[in-house]
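As structure tokens, the structure follows; a few thoughts come after it.
Computed over heavy atoms, backbone and side chain alike; hydrogens, waters and symmetry mates excluded. Bear in mind the structure is a predicted one, so any value in this text is a computation, not a measurement. Count residues from 1 along the sequence.
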Amino acid sequence: MKYPFNISKKELKDYLFELKEVCIIEHEDNWFKEKSHTKLYPNVNEAKLKVAKPHYWIINAVEKYEDEGCEDKELALIELGQLVFKSNYYSQKLTSETENEEAKKDLVSSLRFLNITDAIIATQVVSMDTPKYARFDMSEEEALHLISSWG
């Protein structure tokens, strides 16, 4: 996995710090490799807004969660968890039409480790926000039952 999930049950602030560090390191690596990139976007904030790269999206999602004006912290965490999940699976599976049980379990566990309740996770995994290969094709109640059985 390119971007870490909080699988070791770290404190949330420690996990977010680690996740941002990974993204910043990736940003710095890319910054110096792509000379045209530095000419187009000479500062980080402008680059984050204009360049479609997962590490920028993740940094923005963490900053959104950490913003004092964030009204729905749980939703911001769900968005962050979905983004990390999609970014980790993007290159291999995003276009896949085939269901992937491993991906489903990874998504559920990554959201759990962000302290999202199983009921909210069940709502998320049946929604269109979840990629098709990890989406649960069942009712929320059935999804909740399945998620609960995964421990």
Determine whether Lys104 and Thr130 make a side-chain contact, defined as any pair of heavy atoms from C-beta on separated by less than 4.5 Å. no

Can you name the closest pair of heavy atoms from Ala103 and Tyr133 and give their distance? CB-CD1, 3.9 Å

Residue list, side-chain hydrogen bond (donor to acceptor under 3.5 Å, both in side chains) with Glu66, at least two apart or on another chain: Lys20

Under the side chain to side chain contact (heavy atoms under 4.5 Å, CB included) rule, what do Val22 and Ile58 come out as? Steps first, then yes or no, please. CA-CA 10 Å; Val22 167; Ile58 292 170; over 6 Å; no

Just verifying a value: how many Å separate Lys105 NZ and Ser110 OG, rounded to the nearest 0.5 Å? 14.5 Å

Tell me which donor-acceptor pairs under 3.5 Å the side chains of residues 121-128 have, and how far apart each pair is, sequence neighbours excluded?
{"from": "Thr123", "atom 1": "OG1", "to": "Ala119", "atom 2": "O", "distance (Å)": "3.2"}
{"from": "Thr123", "atom 1": "OG1", "to": "Glu140", "atom 2": "OE1", "distance (Å)": "3.0"}
{"from": "Ser127", "atom 1": "OG", "to": "Gln124", "atom 2": "O", "distance (Å)": "2.7"}
{"from": "Ser127", "atom 1": "OG", "to": "Asp129", "atom 2": "N", "distance (Å)": "3.2"}

Testing Leu83, Val84, Leu80, Asp67 one by one against Val62 for a side-chain contact (heavy atoms from CB on, under 4.5 Å), which residue passes? Leu80

If Ile, Leu, Val, Met, Phe, Trp and Tyr residues are connected whenever their side-chain heavy atoms lie under 4.5 Å apart, and connections chain through other members, are Leu111 and Leu144 in the same group? no

Residues at least two apart in sequence or cross-chain that pass ring-ring contact (aromatic ring centres under 6.0 Å, His included) with Phe136, listed by chain then number, are Trp150

Rounded to the nearest 0.5 Å, what separates atom CD in Glu101 from atom CG in Asp106? 11.0 Å

Looking at side-chain heavy atoms only, is the closest gap between Asn115 and Leu77 below 4.5 Å? no

Quick one, Gln82 and Pro131 - any side-chain contact, counting heavy atoms below 4.5 Å? yes

Can you tell me how far the CD1 atom of Ile59 sits from the CD atom of Glu21, to the nearest 0.5 Å? 9.5 Å

Give, for atom CD of Glu79 and atom CG of Asp72, the distance between the pair rounded to the nearest 0.5 Å. 8.5 Å

On a heavy-atom basis, the closest approach of Met138 and Leu146 is CE-CD2, 4.0 Å

Between Leu114 and Gly81, which heavy-atom pair has the shortest distance, and what is it? CD1-CA, 3.7 Å

